[in-house]
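The structure under discussion appears below in the form of structure tokens.
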Amino acid sequence: MTTTRIRPLVAGNWKMNGLAAALAEATAVKAALSDSVAPADVMICPPATLLAQMAYATRGSAILLGGQDCHAASSGAHTGDIAAEMLKDAGATAVIVGHSERRADHGELDRIVRAKAAAAHRAGLTAIVCIGETKGERLAGLTLDVVARQLAASLPDAASDADTVVAYEPVWAIGTGLTPSPDDVAEVHEAIRGHLAGRYGDAGSRIRILYGGSVKPSNAKELLALPNVNGALVGGASLKADDFLAIIRASAP
Ligand code: PGA
């Protein structure tokens, strides 16, 4: 396994939040990052309706953009859905797939998530593949089993560090203010690393593993310093530039 430090990725998931006025938060992040080299790759995943405008507003900066979901097909009769190719066309370089809110709200199973990740790759996007256990599964001691099963079934066989990021997001920690203990996060990330290295070899030892679930300025430093935590997927705290910037700064070694 390589011991070279993996450059962190701090990605903001705006979820179903943000009208045009919220572009000001993205431009505030752009302005703050223009003074110095960010300690992490920085990404914002706005609602699809804002993607093209945000691409315009953040042009010339290091801010990367991502979608929050995509359809597995590249085009066709799928009313209301968005193809990975369309996200790319609007300015995205990545897309989140398999977020637990998609899995819960839309019944997305691992095989659907894998097809979406493959669609992202087909379109030239990085797939940010989310996995994580429910509270019941954690209490039953099933966390590592659940994560292993989701990884095995949600990741395409051809994934590599160039096109894939894994986000470990315990469902019970999302939007609740609760986080697992640092030891628990480190344990799960070590297990994920073992799976990725076993399946993808050297590339698997370089795939970024983000932690997500109630990351905020006050806990970011501790979480981001844990072994095999290569960044964060941030929901609520990414909506305000100041909080998001504090988390980005907390990723410095
Ligand atoms: P949260 O969401 O930071 O608001 O808990 C994280 C996520 O769902 O990606």
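Every number for a ligand or one of its atoms is a count from 1 in the order of the listing.
Between Ser214 and ligand 1 there is a heavy-atom distance shorter than 4.0 Å.
Distances below 4.0 Å separate heavy atoms of His99 from the following atoms of ligand 1: 7 (C), 8 (O), 9 (O). For ligand 1, the atoms sitting less than 4.0 Å from at least one non-hydrogen atom of Gly213 are 5 (O), numbered in the order shown with element in parentheses. Within ligand 1, the atoms closer than 4.0 Å to a non-hydrogen atom of Leu233 are 9 (O), numbered from 1 in the order shown.
Taking the side chain as every heavy atom from C-beta outward, Asp184 and Val188 never approach each other to under 4.5 Å. Between Asn230 and Val165, the closest side-chain pair of non-hydrogen atoms is not below 4.5 Å. With a 4.5 Å cut-off on side-chain heavy atoms, Gln68 and Trp14 count as touching. Residues Arg208 and Asp41 are in side-chain contact: their nearest non-hydrogen atoms beyond the backbone lie under 4.5 Å apart. Contact annotation: the side chain of Arg122 approaches that of Glu85 to within less than 4.5 Å [non-hydrogen atoms, C-beta and beyond]. Taking the side chain as every heavy atom from C-beta outward, Val97 and Cys70 approach each other to under 4.5 Å.
In terms of polar-atom proximity, defined here as any N/O pair under 3.5 Å, Gly236 does make such a contact with ligand 1. Note: an N/O pair closer than 3.5 Å links Gly235 and ligand 1 by distance alone. Residue Gly175 has at least one nitrogen or oxygen atom sitting less than 3.5 Å from a nitrogen or oxygen atom of ligand 1, judged on distance alone.
In Asn13, the part holding a heavy atom less than 4.0 Å from any atom of ligand 1 is the side chain.
Closest to atom 2 (O) of ligand 1 by heavy atom, among Gln68, Glu101, Lys216, Lys15, is Lys15.
Protein heavy atom nearest atom 7 (C) of ligand 1, with residue, atom name and distance: Glu169 OE2, 3.1 Å.
The closest side-chain donor-acceptor pair between Arg103 and Ser154 falls under 3.5 angstrom.
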